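Structure first, commentary second.
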Amino acid sequence: MEANETRSVFGKLLLEHRRAAGWTQGRLAEASGISVRALRELERGRARAAQRRSAEVLADALGLTGGDREFFLTVAKQGRRRNPALAAQVAATCALPAPTADLSGRESELEQLSAKVAEGGGVVAIVGQAGVGKTALAVTAADLWRAEFPDGSYAVDLRGMDAEPLSARAALDRLLRALDVAPGQVPASEAERSALLRMLLEGRKVLLLLDNAADEAQIRPLLVAGQGSLTLITCRRTLAGLEGARWLGLEPLSDDGATGLLAKIIGAGRVRAEPAAARELVELCGYLPLAVRIAGNRLATRPQWSLAQLADRLRDEGTRLRALAAGDLQLRSAFDLSYRAVSAEARRLFRRLATVPGADFGLELAIVVSGAAPADVRDQLDELVDASLLQITAEPERHQFHDLIRLFAEERFEAEEDPAARDIVLAHLLGKAAEAARLFYPKASETGRFGSRDEGGRWLEVEGENWVAAHRLGARLGRHKEVRDLAIALHWYSDGRSAQRPWWEIFSLGAAAARELGDAGAEAKLLNFVGWAASICLGDDKGAVAEHRRALDIAVRIGDHVEQTWAAIYLGQVLRLTGQGDEAFEFAKRGYDLAHELPFWDGQTTARNMYGRALLNAGRHTEALAVHRAVLSDAERLAGDTYPDFHRLLKALTLRAIGDVLGDLAEWREAASRYRTSRWLAWEGGFGGLEVISAIREGRAWREAGAFEEARECLALAVELSPGPPFAASREQALAELALLPE
């Protein structure tokens with residue numbers, strides 16, 4: 001065949017049947033009475049198809065029967081059709097929709113799609129949740145690329161979210177008729193229709209948009225376009241089982257993209273007039289294009305409304321979905337279609353996951369809320385992810401809701417579930433967090449539902465947002481005992497982790513719960529914890545003094561010597577920081593004298609180190625060093641009475657205190673050495689806040705010793721370890737120290 005020849009569909013079919021029969025053109029000519037030359041013209045495509053009688057003769061000669069014969073004759077008739085006007089009219093039923101005029105914020109996604117198409121066409125699936133803008137992006141992309149597919153661009157709405165989605169058989173009928181196949185010549189079966197479509201499109205460069213697909217089964221018979229063509233699919237499901245496809249997962253818009261879309265709908269002037277309200281509005285819309293479009297349309301049809309007015313209406317989570325409606329654009333309806341499309345078991349899990357108080361969750365909490373077997377819950381989670389009702393987080397096997405879908409899940413919970421089901425996950429989180437936290441008591445044994453202390457620590461870290469949120473919710477619901485118990489349990493775990501959780505709030509809620517219970521001893525204990533958090537976490541030393549004095553007053557009133565000792569220890573620290581040195585020394589000495597009532601690891605070490613600090617402030621360096629070194633010696637002697645990380649924590653704090661004394665004596669290299677060991681111990685134990693402080697002090701010591709490179713290394717590390725708001729003060733301190741180093 002010559003290089004510039006294109007074989008017709010009928011010619012290809014004729015050639016396939018002749019070769020399958022093992023015949024030469026001469027033998028077929030002899031059997032059919034059609035000349036070899038005519039057969040050659042048909043097979044090479046120089047003739048589009050045989051006339052009706054010739055096609056029937058060829059079918060008889062080749063022995064074609066049943067569906068093969070019907071298909072052969074249909075293709076022959078298709079090749080003879082010459083009615084461009086009728087073909088254009090029918091093709092309009094599968095024409096590409098008009099692109100969205102105000103598409104905004106999808107430049108990056110268009111580039112990604114273009115890159116996938118440049119790789120060689122094929123099948124590209126755009127997947128994502130309801131309202132994320134899949135169709136708008138696909139239609140815009142198809143319109144941009146129309147010229148690259150000279151043999152036609154076609155679109156079919158598969159109505160995947162309808163109660164009865166368009167069947168693959170019906171979609172094939174539409175496409176075949178758009179390609180000028182007469183209604184009476186469309187094959188009966190799905191397989192024959194798919195084969196005919198494949199024949200008609202072979203060798204052609206076409207773009208096929210399959211919009212709003214239901215699932216893989218609906219799509220597979222339609223994936224018939226050949227090399228050089230593109231099939232673009234949009235679907236709420238992930239279509240993970242689709243062979244040979246490439247995927248683009250569509251996420252909500254960026255802040256700027258969503259604000260830009262709002263500006264296109266209501267006018268840039270209104271957005272410029274209320275920039276803060278505009279940004280709040282798109283945030284309340286979850287940066288979801290459909291929600292932003294609904295909000296924009298409401299504003300566009302109500303020019304008298306300010307953006308702040310609509311934002312005020314959307315702040316109420318209970319009515320937000322109801323407010324996100326404009327005409328036939330209904331966000332709740334869009335979510336409901338996805339919800340109704342999954343199994344009853346998946347819907348139940350979806351509803352109950354709304355009771356998880358934090359931002360994300362893993363398999364454990366999904367099992368807790370559902371009560372189903374782990375294997376079943378895994379399947380249901382996968383089903384919800386495939387339906388874009390849940391999102392997978394960056395953490396392995398963790399899931400989360402989009403903000404607006406969470407509100408929808410909560411609505412479904414309220415409508416379809418027993419409110420008592422909320423207690424299940426709350427009780428689980430409060431109880432398990434307290435059990436994990438108690439593993440960090442100085443003499444705790446590794447028993448209970450956790451296999452080890454490390455396992456308990458990992459759970460507290462991974463589920464941190466959930467148990468903190470459960471603690472807040474428990475306080476609001478009056479679960480005072482559980483709130484008090486968890487706050488008390490967290491005391492030793494919080495040591496060395498000052499930047500990891502909102503400790504002031506946690507301990508304050510615990511103290512309030514103890515007060516509601518009339519438990520003065522627990523209230524005094526927790527007020528001491530509140531004071532610690534005020535000073536260490538918030539930098540509010542005056543507030544800390546007030547809390548410790550309240551704790552001391554209660555402890556004295558009820559005769560609680562342990563909490564009197566702790567209040568004295570803490571006051572010795574924070575009064576010094578507020579400039580009340582004399583009183584600070586008195587309390588530090590009082591705590592030191594009373595410390596014999598406390599176990600070595602459970603308070604005595606802290607009391608002795610605090611007194612050492614008071615001696616340093618009084619200029620009594622030798623005595624201070626003696627106190628700290630004695631603590632260090634006893635810690636080594638009694639190391640077997642506690643667990644390794646607590647031993648590391650105590651050593652790190654004591655070595656840092658020794659470094660402070662040596663620094664005050666201008667023995668900078670010795671001080672730096674102690675700080676370095678303290679820093680390494682903090683790193684080994686995972687005590688981030690302590691590691692940062694030790695790194696800063698080590699850097700300062702090296703600078704004072706003239707070892708500038710060592711100083712730069714330590715201070716740069718401190719900056720690196722202080723990325724977020726909880727470490728803002730430490731970061732500023734480290735940067736200030738770096739600025740003092742010579743260039």
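All residue numbers refer to positions in the sequence shown, counting from 1. Small disclaimer: the values here were computed from a predicted structure and weren't measured.
Using a cut-off of 4.0 Å between Lys/Arg side-chain N and Asp/Glu carboxylate O, Asp560 and Lys525 are scored as not salt-bridged. A salt bridge between Arg472 and Glu505 is present, with a side-chain N of the basic residue lying under 4.0 Å from a carboxylate O of the acidic one. Taking the charged nitrogens against the carboxylate oxygens, Glu704 and Arg700 have no contact shorter than 4.0 Å, which rules out a salt bridge. Between Glu523 and Arg484 there is no salt bridge, since no side-chain N of the basic residue sits under 4.0 Å from a carboxylate O of the acidic one. Salt bridge annotation for Asp660-Arg613: present, with a cationic side-chain nitrogen under 4.0 angstrom from a carboxylate oxygen. Salt-bridge check for Arg398 with Glu465: failed, with every basic side-chain N at 4.0 Å or more from each acidic carboxylate O. Taking the charged nitrogens against the carboxylate oxygens, Arg629 and Asp634 have no contact shorter than 4.0 Å, which rules out a salt bridge. Salt-bridge annotation for Arg590 and Asp593: absent, with no side-chain N of the basic residue lying under 4.0 Å from a carboxylate O of the acidic one. In this structure, Arg449 does not pair ionically with Glu455, as no charged nitrogen and carboxylate oxygen lie closer than 4.0 Å.
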Task: Audit row: Asp645, Arg453, salt bridge (Lys or Arg N to Asp or Glu O under 4.0 Å) steps and yes/no - done: CA-CA 10 Å; Asp645 275 347; Arg453 186 174 290 105; over 6 Å; no
- [ ] List the steps and the verdict of salt bridge (Lys or Arg N to Asp or Glu O under 4.0 Å) for Glu583 and Arg549.
- [x] CA-CA 13 Å; Glu583 190 179 9; Arg549 290 194 189 279; 3.1 Å; yes
Open item on the list: Apply salt bridge (Lys or Arg N to Asp or Glu O under 4.0 Å) to residues Lys432 and Glu364 and explain how you reach the verdict.
Closed with: CA-CA 12 Å; Lys432 192 167 183 179; Glu364 175 195 324; 3.2 Å; yes
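Residues Asp602 and Tyr441 form no side-chain contact, since every pair of their non-hydrogen atoms from C-beta on lies 4.5 Å or further apart.
Ring geometry, Trp492 versus Phe646: the interplanar angle exceeds 60°, so the pair is classed perpendicular (tilted spans 30 to 60°). Relative orientation of the His548 and Tyr570 rings is parallel, given thresholds of 30° and 60° on the angle between their planes. The aromatic rings of His491 and Phe529 lie parallel to each other, with less than 30° between the two planes, well short of the 60° mark.
Under a cutoff of 6.0 Å and an axis angle of 45°, Arg501 and Tyr493 do not form a cation-pi pair.
Counting heavy atoms of neighbouring residues, nucleotides and ligands inside a 6.0 Å radius, atom CD1 of Ile392 does not exceed 12 of them. The environment of Trp504 atom CH2 is sparse: at most 12 non-hydrogen atoms of other residues, nucleotides or ligands sit within 6.0 angstrom. Heavy-atom contacts from other residues, nucleotides or ligands closer than 6.0 Å to CD of Glu461 number 12 or fewer.
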